[in-house]
There are 2 protein chains.
Amino acid sequence: MARVAGVSQATVSLVLGEKWRGRVSERTVRAVRAAAGELGYRPNLAARSLRLGATRTALLVVPALTHEYFARVYAGAAKVADEHGFGVVLYPSPAGIGPARDPFGSARAAIDGVIASSMAADALAGIGDGGLPLVMLDSDPDIPGGPPTVNLAVADGMRQVTRHLLDLGHRRIAHIAADVDTWTFRVRTEAVTAELAAAGVPAAARQTSALNVAAARDAAVRALSAPGPRPTALLCDDDILAAGACKAARALGLRVPDDVSVSGFDDLALATALDPELTTVRLPAESIGEHGMSALLALLAGRPAPPVELPLTLLPRASTASRT
Amino acid sequence: MARVAGVSQATVSLVLGEKWRGRVSERTVRAVRAAAGELGYRPNLAARSLRLGATRTALLVVPALTHEYFARVYAGAAKVADEHGFGVVLYPSPAGIGPARDPFGSARAAIDGVIASSMAADALAGIGDGGLPLVMLDSDPDIPGGPPTVNLAVADGMRQVTRHLLDLGHRRIAHIAADVDTWTFRVRTEAVTAELAAAGVPAAARQTSALNVAAARDAAVRALSAPGPRPTALLCDDDILAAGACKAARALGLRVPDDVSVSGFDDLALATALDPELTTVRLPAESIGEHGMSALLALLAGRPAPPVELPLTLLPRASTASRT
DNA sequence: CTGTTAGCGCGTTCAA
DNA sequence: TTGAACGCGCTAACAG
């Protein structure tokens, strides 16, 4: 207690709470601040939370922390949270390799609200959303009256890649799809199908794969060695899948992009680590984190949080080329 | 308040705290539990923390969340934390692109202890280590009387790679070193130097590089096009650097591993995404997280936490081959 | 075996 | 302008 610090106690609260407009004298304020500095005073968060009923902490639920995308979403959310005196704690959902089942057991900090990223709607039911303010990132926006959403223009991004391949003259395009049942991946498949149909090109042969390099390699081998004319382009749902596709091509003696073009999605660090560098679509991951946190903040303040949709940009690089 | 739930209040505390061995009757216990279920009762963490003076939460400080290694350390730490009713909150240190300066502002949950991973000793001074129990991961163990440490046998790992290249017949080995001033990287350089000297092989030409692919590529180009005989192997401090090295080789018209061998360190997902797959050293990331949390738990319980050193294993893959 | 009481550190309201 | 008193929800000690 900084009452040793000269004057009183409630005064301290006023000063450190910046609420002394016309209540405390300048001199006293300086005294309190000095004392607080000397004693290295730290307000007790637990007591403050108890009194205020709020913890100024948000929970970010992600399917898997090891995917670079979510680390960037976290960074974005943490940035704007910090600007408002909020904290963010991570909860890697059990759907991934996640350790715990209950966020209130794992990230046991008390929580004012939840931000869920790229989660299946039902996986979220497990979360203790007992009336907690909730914002959904990169999720199905079609729920009327549902929580506020911050979305990526995933469909448009996928359309851009498809068109890019089409423009390069490709007509036999295989789609390496992630077999993850979330909105973000369902939309990708739909967009590819629709865009191809609109161009009057035969529907893509589709192979599904788990989200890892080895599985993607196998899927791509299947796509490339299927009966009938060989695809000239492999359109992948994710950079990780694209990495597997490149390996598959090489294993079959095909060169990228000379014999087969490969495109990714996400623009992970991986995309430029590969050789040739991956044509892919950049996702504004930090930005979606920032918008998500802003929406949650709005919710907590009782303000409405209008839905947001963030644009994606195609990054043509060396892994795609004209059909020769 | 679950006192509406039948009996009393302190009784509830006992029941939910599993401390009613010979204090409360079976019947009452059932009544309390039923009521708690009906009312969807959630103990208030803030109040509990206030009363107990402990938050059962640990802070994990990492240099950068986007590096897959730290995500895995977190997963390990979170796993054992959860087993003990603890939570883990992440604090990406400002040294990286991190958002905030003060962990008590950013990850504002109150903290019982701190686990610092791969941090420079001085960067840690900024952390509010005001007498907080501290465990250091993958850090300089040479501080006597310092905090408990959990270390990786980094030197041994680096020795294994060096020996591997030596055994393959390489005599002109260039070292692509990360220019990050932390123990873990300093040790790598020392180990390479020592092992080469022990084998009576000329010291490695060394190029330093920031920890990203583009910088590594440039560094590797410098190493490969330096005056004098060209190195036949590129020994890299990290898989990311190795990815850059592979690109450099190819840009110079050299084949990996036929013309030049490349080795990495960390066994990231990247290592098997590349083609050829990277010879690298596997780091038991989850394991170091687990041991770190265990050590912190020991500290909090007043038990001593003996230093731990975890072994590393060499993973020979396709990016290294005999000198032809 | 069960209920009562006190106080953790803070913000706030009320009286001086 | 400031000090004193109350209560947030919980648990540990003690009284019944």
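Being a predicted model, the structure only gives us computed values, none of them experimental. Just so you know, these numbers use all the heavy atoms, side chains as well, and skip hydrogens, waters and symmetry mates. Residue numbers start from 1 in every chain, and the chains themselves are labelled A, B, ... in the order their sequence lines are given, proteins ahead of strands.
Going from atom CG of B:L16 over to atom C1' of D:dG9 covers 13 Å, rounded to whole Å. Counting to the nearest Å, the C1' atom of D:dG7 and the CZ atom of A:R48 are 17 Å from each other. Nucleotide D:dT1 holds its P atom 11 Å from the CD atom of A:E26, rounded to whole Å. Taking atom CH2 of residue A:W20 and atom P of nucleotide C:dT13, one finds them 20 Å apart after rounding to whole Å. Rounded to an integer number of Å, the gap from A:L45 CG to C:dG11 C1' is 14 Å. In this entry the distance linking CG of B:N44 with C1' of D:dC10 reads 8 Å, nearest Å.
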How far apart are the C-alpha atoms of A:D112 and A:R56, what are their side-chain angles, what is the distance that settles it, and do they pass the salt bridge (Lys or Arg N to Asp or Glu O under 4.0 Å) test?
CA-CA 6 Å; A:D112 286 344; A:R56 301 190 76 77; over 6 Å; no
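Taking for each of A:R23 and B:R27 the nucleotide of DNA chain C with the nearest heavy atom, the 5'-most of the two is the partner of B:R27. Between B:R51 and B:V24, the one whose closest nucleotide on DNA chain C sits nearer the 5' end is B:V24.
No donor-acceptor pair under 3.5 Å is formed between the side chain of B:T28 and the backbone N or O of B:V24.
At least one side-chain heavy atom of B:L299 sits less than 4.5 Å from a side-chain heavy atom of B:P148. Looking only at side-chain heavy atoms (C-beta outward), A:I115 and A:Y74 stay at 4.5 Å or farther from each other. Taking the side chain as every heavy atom from C-beta outward, A:E290 and A:K79 approach each other to under 4.5 Å.
Checking C:dT4, C:dG9, D:dG9 against the side-chain heavy atoms of B:A10 singles out C:dT4 as nearest. The side chain of B:L52 sits closest to D:dA12 out of D:dA12, C:dC10, D:dG9. Of the candidate nucleotides C:dG11, C:dC10, D:dG9, D:dG9 has the atom lying nearest to any side-chain atom of A:L50.
In terms of phosphate contacts, B:T28 brings a side-chain nitrogen or oxygen within less than 4.0 Å of OP1 or OP2 of C:dT2. Contact annotation: A:S49 does not reach the phosphate of C:dC10 (side-chain N/O to OP1 or OP2, under 4.0 Å).
Stretches of at least 3 consecutive Watson-Crick or G-U wobble pairs, with each checked distance under 3.5 Å, appear in DNA chain D as C:3-16 with D:1-14.
When each of A:V88, A:L90, A:I111 is paired with A:L59, the side chain to side chain contact (heavy atoms under 4.5 Å, CB included) condition holds for A:I111 and for no other.
Residue-level contact check: A:S25 touches the backbone only, with heavy atoms under 4.0 Å from sugar-phosphate atoms and none from bases. Among the heavy atoms of the strands, none lies under 4.0 Å from B:L14.
Residue B:G292 comes nearest to B:V135 through the heavy atom pair O-CG1, 4.0 Å, listed as atom of the first residue, atom of the second, then distance.
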